[in-house]
Every structure is written in structure tokens, then in C-alpha cells.
Amino acid sequence: GVFAGGADTTDVIDFITIATTATSATDFGNLSVARKAPAGCSNSTRALFGGGETPSNSDIIDYITIATTGNAVDFGDLTAARNTTGATSSPTRGIFAGDGSTDTIDKVEILTTGDAVDFGNLGRGSSRCYGAFSNGHGGL
């Protein structure tokens with residue numbers, strides 16, 4: 001399990017080994033820019049961290065390779081700077097949705113770097129999306 005950012009602006013990335021119990025987090029590396037509460041999504045290889053506050057809203061997307069520790073690398077940018085964003089993913093696609101002022105949904109292809117593209121809009125206007133989930137099967 002990998003965690004990045006925090007309630008305060010920080011560049012810390014920590015990890016835990018889920019298969020063990022009662023372990024403390026260990027240093028994984030650092031985000032490219034310190035941020036408060038970036039949204040995260042992943043596949044089995046790569047984890048992405050998007051948005052957050054720097055202290056202003058951020059459009060940064062960073063990535064790490066989960067199997068190796070180290071600092072995050074620039075992936076690209078969200079379509080707009082935002083925080084309080086939700087994120088979810090399938091094995092191939094990452095989704096970042098909403099914040100306190102926009103209903104935009106962005107998508108990225110996890111295995112290739114690049115800027116996010118518009119995927120559509122949330123159904124209920126601007127929203128804070130703190131949680132998002134996927135079964136990873138593309139809606140099947």
C-alpha cells in the first residue's frame with residue numbers, strides 16, 4: 001500500500017506491506033512537488049497521484065513504479081488545477097473526477113505518460129469526490 005501527501009502540504013510518499021500485520025509505514029520517496037491531499041489511483045505496476053494543493057490547486061500528475069522505491073516522476077497534467085478530487089482506475093485507465101468547483105472527469109492511460117483528457121462530467125454538478133471505486137472490468 002502506498003500513501004502520498006497528507007492533511008498538511010508535504011512531498012512524503014510512504015508504503016506498507018499489506019500481507020503483514022502491525023507494521024509502521026516506511027519511506028518510499030517523495031512527490032515531485034509537495035502537495036496537500038492529492039488523489040491516487042493505480043494498476044498493479046504504476047501508481048498515480050493527481051491534483052492537491054501546493055497551497056493553491058494543482059494540476060500535477062506524478063507516478064511511481066510500485067515494485068521499486070524512489071521519488072515520483074512527472075506523468076503529465078490534469079485538464080485543470082484542482083483539489084478534493086476523487087480517483088479510481090482499471091488495469092489500463094486512471095480517472096480523476098470533480099473537486100469543490102468543477103464537475104469535470106479526466107482520464108489518463110496509466111502505462112503511458114501524458115496529459116489527462118476530458119472524459120465527461122459528473123452527473124450532479126460540481127462536487128467534492130473523496131472516494132471512488134472500480135471493479136476493474138470496464139463496467140462488465
Side-chain angles (χ1 to χ4, degrees):
V2 180
F3 308 91
D8 296 318
T9 303
T10 182
D11 65 353
V12 172
I13 304 172
D14 285 334
F15 77 96
I16 59 168
T17 303
I18 294 172
T20 63
T21 58
T23 61
S24 296
T26 303
D27 182 52
F28 188 97
N30 299 97
L31 294 168
S32 65
V33 174
R35 299 195 300 274
K36 179 180 177 180
C41 61
S42 71
N43 64 15
S44 62
T45 305
R46 187 177 272 185
L48 308 180
F49 306 101
E53 293 182 50
T54 62
S56 60
N57 290 353
S58 173
D59 66 354
I60 296 169
I61 306 172
D62 286 343
Y63 78 93
I64 58 169
T65 301
I66 296 170
T68 61
T69 58
N71 293 333
V73 177
D74 181 52
F75 183 93
D77 295 324
L78 296 169
T79 60
R82 61 181 83 167
N83 67 37
T84 61
T85 300
T88 190
S89 54
S90 74
T92 58
R93 182 175 287 167
I95 302 291
F96 296 91
D99 85 346
S101 63
T102 183
D103 64 354
T104 301
I105 303 171
D106 288 351
K107 73 171 181 171
V108 296
E109 298 304 316
I110 294 174
L111 293 178
T112 60
T113 60
D115 292 340
V117 296
D118 186 3
F119 189 68
N121 298 89
L122 295 169
R124 58 185 173 104
S126 62
S127 177
R128 293 177 186 249
C129 292
Y130 292 114
F133 304 94
S134 169
N135 67 5
H137 292 289
L140 295 178

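Residue indices begin at 1 and follow the sequence shown.
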Checklist entry - Cluster question for you: counting only ILVMFWY and a side-chain heavy-atom cut-off of under 4.5 Å, with indirect links fine, are V73 and V33 together? => result no
Item to check | Side-chain H-bond candidate by donor/acceptor type, N83 with N57, under 3.5 Å | outcome: yes
Item to check | Residues that R93 engages under salt bridge (charged side-chain N to carboxylate O under 4.0 Å, His left out), provided they are two or more places apart | outcome: E109
Item to check | Min side-chain heavy-atom separation N43-L111 under 4.5 Å | outcome: yes
Next on the checklist: Could you work out, with side chain to side chain contact (heavy atoms under 4.5 Å, CB included) as the rule, every residue matching A4, not counting sequence neighbours?
Outcome noted: I13, L31, F49
Next on the checklist: Within this structure, what is the CD-CG distance for the pair E53 and D99, rounded to the nearest 0.5 Å?
Outcome noted: 10.0 Å
Next on the checklist: Looking at A19, is its backbone amide N or carbonyl O close enough to the side chain of T17 to form a donor-acceptor pair, meaning the two atoms are under 3.5 Å apart?
Outcome noted: no
Checklist outcome for this item: Closest non-hydrogen atoms of I110 and F75, given as atom of the first, atom of the second and distance, are O-CE1, 3.6 Å
Checklist entry - Has the side chain of T85 got a donor or acceptor atom that lies under 3.5 Å from a matching backbone atom of G98? => result yes
Next on the checklist: Are V2 and Y63 connected into the same hydrophobic cluster when the rule is that any two of I, L, V, M, F, W, Y join if their side-chain heavy atoms are below 4.5 Å apart?
Outcome noted: no
Item to check | Nearest heavy atoms of S42 and S89, plus distance in Å | outcome: O-OG, 2.6 Å
Item to check | Members besides F3 in its Ile/Leu/Val/Met/Phe/Trp/Tyr cluster (side-chain heavy atoms under 4.5 Å) | outcome: I16, I18
Next on the checklist: Working to the nearest 0.5 angstrom, can you tell me the gap between K107 NZ and C41 SG?
Outcome noted: 13.5 Å
Checklist entry - Taking side chain as C-beta onward, heavy atoms only, is N121 less than 4.5 Å from T104? => result yes
Checklist entry - Between I95 and I105, is any pair of side-chain heavy atoms under 4.5 Å apart? => result yes
Checklist entry - Out of D77, D74, V108, which one pairs with I61 under the side-chain contact (heavy atoms from CB on, under 4.5 Å) rule? => result V108
Item to check | Side-chain donor/acceptor of T9 to backbone N/O of A34, under 3.5 Å | outcome: no
Item to check | Distance-minimising heavy-atom pair for F28 and T65 | outcome: CZ-O, 3.5 Å
Next on the checklist: The criterion is side chain to side chain donor-acceptor pair (under 3.5 Å); which residues satisfy it with T79, sequence neighbours excluded?
Outcome noted: R82, D106
Item to check | Pairs flagged by salt bridge (charged side-chain N to carboxylate O under 4.0 Å, His left out) wherever residues 6-20 is involved - sequence neighbours left out | outcome: none
Checklist outcome for this item: What one should report as the nearest heavy-atom pair of F96 and A39 is CE2-O, 3.9 Å
Checklist outcome for this item: Nearest heavy-atom approach of R35 to S58 is CD-OG, 3.6 Å
Next on the checklist: Go through it in stages, so that I can follow the logic: the residues are D115 and D59, the test is side chain to side chain contact (heavy atoms under 4.5 Å, CB included), and I'd like the CA-CA distance, side-chain angles, deciding distance and then a yes or no.
Outcome noted: CA-CA 10 Å; D115 292 340; D59 66 354; over 6 Å; no
Item to check | Short side-chain to backbone donor-acceptor contact, T54 and S56, under 3.5 Å | outcome: yes
Checklist entry - Residues in side chain to side chain donor-acceptor pair (under 3.5 Å) with S32, at least two apart? => result D62
